[in-house]
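Presented below is the structure to which this report refers.
For the single chain, residues carry numbers from 1 onward in sequence order.
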Amino acid sequence: TEVKFQPSALLQYDTDYTARLAANASAPGGSSLGSGLDLFFHTAGRPAVLLSQPSDGGQKDEWDSVLLTFAGPMDPASLRKALTLTPAVENLGTWWNKEEYTLSIYGDFDPSRTYTLAIAASAADPYGSRLASPFSLRFSTLDLRPVTGFMRYAQALSLDASRQPVIQAQARNADRLSFSLYRLSMVQFYGLLRDGIYAAADSPVGDLLRQWEVTVPSARNVMQTLNISLQDEPLPTGVYLLLMNGPWYDGYQTEARLVVVRDTEIVLKAAYDEALTWAVELGSGQPVSSLPIEIVNESGNTIARFPMLRV
């Protein structure tokens, strides 16, 4: 059984009250409560902002909303109408939490910029009372967190053996990137393709060819595309492992990519029991004749070969 208490008039703000249910209160069947019940509660305060995150003069991180805590319930529509941000913020939105009396303000805030948030005194609670005075909050946004990574998501990158080996990376708010290049055997290459290259970031395999660092040009809060040269002259045909270490939010991360350096382009057309290959030189585009070709499975085991071995 529930009892709902509905005052006949508005209660006073910020006041202690006691609601008493007498002992002779009875159920529909006639049995009485037996002993009285007292309920103590405190009413919400008049419309006011009690707390802000960030605080006045504070800083906001890129993922944080601006959070205002009020003394009691507010009318969300009047809050949104009374709210202004200077300078303007694109995709500005708000969310009212009626249990915690908080207003979240979110949008596309620019990094490293100062903002002023204002709520006019017209903002009201559900009972018609308004803020005693306008509210103002001045804060600034932090720089964006550092982010680095390869431009391509594929596990393997393909390079032309006749050209200087260059790959693309991206960086934001990073000072430098560190690289390591390893020469792989085909067994190591197939193993990384089969098992995934993520483990190689912590435990690289192959023969280390070189390690170097690249300084990132200074451009705060801008995602930059960088052309990274693996070495000054073309790499010999073969397979390689490339590691890149750079800042990533609050720490550092190492990413790995397989690199295939080739001088031939092969097109494969496969049917159920046969395959057709077309091979051309990358530099000239001329067909390559009598090229030994092997078709392997994910473990590197040969399933077809041309020319066929004669026994």
Side-chain angles (χ1 to χ4, degrees), residues 49-70 79-80 82-97 100 102-120 134-154 157 166-181 197-198 200-202 204 211-230 242-257:
V49 179
L50 300 181
L51 182 68
S52 71
Q53 295 177 357
S55 59
D56 192 42
Q59 293 181 308
K60 187 187 86 66
D61 206 348
E62 60 179 301
W63 298 115
D64 294 339
S65 299
V66 178
L67 188 68
L68 303 180
T69 302
F70 288 79
L79 279 176
R80 286 191 289 268
L83 173 67
T84 58
L85 263 168
T86 307
V89 174
E90 293 186 2
N91 300 316
L92 183 66
T94 61
W95 181 70
W96 173 253
N97 186 325
E100 299 181 0
T102 57
L103 180 69
S104 297
I105 301 131
Y106 54 88
D108 297 335
F109 289 87
D110 291 330
S112 191
R113 195 167 189 182
T114 299
Y115 288 89
T116 299
L117 182 152
I119 297 182
F135 171 80
S136 180
L137 173 67
R138 184 178 174 85
F139 64 93
S140 60
T141 52
L142 295 171
D143 282 338
L144 298 176
R145 302 289 182 90
V147 171
T148 56
F150 289 106
M151 286 293 293
R152 296 184 181 180
Y153 292 103
L157 309 176
V166 175
I167 60 96
Q168 287 188 319
Q170 58 184 4
R172 183 188 72 196
N173 291 349
D175 296 329
R176 64 185 66 249
L177 302 174
S178 301
F179 293 89
S180 301
L181 182 65
I197 61 174
Y198 307 105
D202 297 321
Q211 291 180 313
W212 73 102
E213 288 189 344
V214 173
T215 300
V216 180
S218 178
R220 302 305 297 172
N221 302 310
V222 176
M223 186 67 78
Q224 301 183 77
T225 300
L226 309 173
N227 291 321
I228 307 298
S229 175
L230 305 190
L242 177 64
L243 302 184
M244 178 178 68
N245 180 267
W248 180 260
Y249 289 90
D250 293 326
Y252 281 78
Q253 74 165 4
T254 299
E255 284 194 80
R257 290 293 187 272

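The OG atom of S140 sits 12.5 Å away from the CZ atom of R113 when rounded to the nearest 0.5 Å. Considering CZ of F150 and CG of L226, their distance stands at 11.5 Å, rounded to 0.5 Å. In this structure, CG on N245 lies 9.5 Å from CZ on F179, to the nearest 0.5 angstrom. Interatomic distance, OG1 of T148 versus CG of D175, reported as 11.5 Å (0.5 Å rounding). Within the model, atoms OG of S178 and CH2 of W212 stand 10.0 Å from one another, a figure rounded to the nearest 0.5 Å. From M223, atom CE reaches atom CZ of R172 across 5.0 Å, with rounding to the nearest 0.5 Å.
The backbone N or O of S112 sits less than 3.5 Å from a side-chain atom of T141, completing a donor-acceptor pair. The main-chain N or O of R257 is never found under 3.5 Å from a side-chain atom of R152 such that the two would form a donor-acceptor pair. Judged by distance alone, the side chain of T69 and the main-chain N or O of L50 form no donor-acceptor pair under 3.5 Å. Listed for the Q224 side chain is a donor-acceptor partner under 3.5 Å among the backbone atoms of P217. Not a single donor-acceptor pair under 3.5 Å links the side chain of N91 to the backbone N or O of G107. At least one donor-acceptor pair closer than 3.5 Å links the side chain of N221 to the backbone N or O of L144.
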task = Begin from the C-alpha positions of F70 and V49 and carry the test side-chain contact (heavy atoms from CB on, under 4.5 Å) through to its verdict.
result = CA-CA 4 Å; F70 288 79; V49 179; 3.6 Å; yes
ask   = Could you walk me through whether L68 and L117 pass the side-chain contact (heavy atoms from CB on, under 4.5 Å) check?
value = CA-CA 11 Å; L68 303 180; L117 182 152; 4.1 Å; yes
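Closest of all the heavy-atom pairs between Y252 and P247 is CD2-N, 3.5 Å. Residue W248 comes nearest to V147 through the heavy atom pair CZ3-CG1, 3.3 Å, listed as atom of the first residue, atom of the second, then distance. Across every non-hydrogen atom of V216 and A174, the tightest pair is CB-O, 3.1 Å. Of all heavy-atom pairs between R145 and D250, the closest is NH1-OD1, 2.8 Å. Among all heavy-atom pairs drawn from L177 and A169, the shortest one is CD1-CB, 4.5 Å. Considering every non-hydrogen atom in both D56 and S136, the closest pair reads OD1-O, 4.4 Å.
A heavy-atom distance below 4.5 Å is found between the side chains of S104 and L67. Looking only at side-chain heavy atoms (C-beta outward), Q59 and P54 stay at 4.5 Å or farther from each other. By the 4.5 Å heavy-atom criterion applied to side chains, D64 and Q53 are not counted as neighbours. By the 4.5 Å heavy-atom criterion applied to side chains, L85 and F109 are counted as neighbours.
When each of T86, L137, V66, V89 is checked for a side chain to side chain contact (heavy atoms under 4.5 Å, CB included) with Y115, only V89 meets the rule.
Counted by atom type alone, N227 and Q168 present one or more donor-acceptor pairs between their side chains at under 3.5 Å.
Other residues, nucleotides and ligands place more than 12 heavy atoms under 6.0 Å from the OH atom of Y249.
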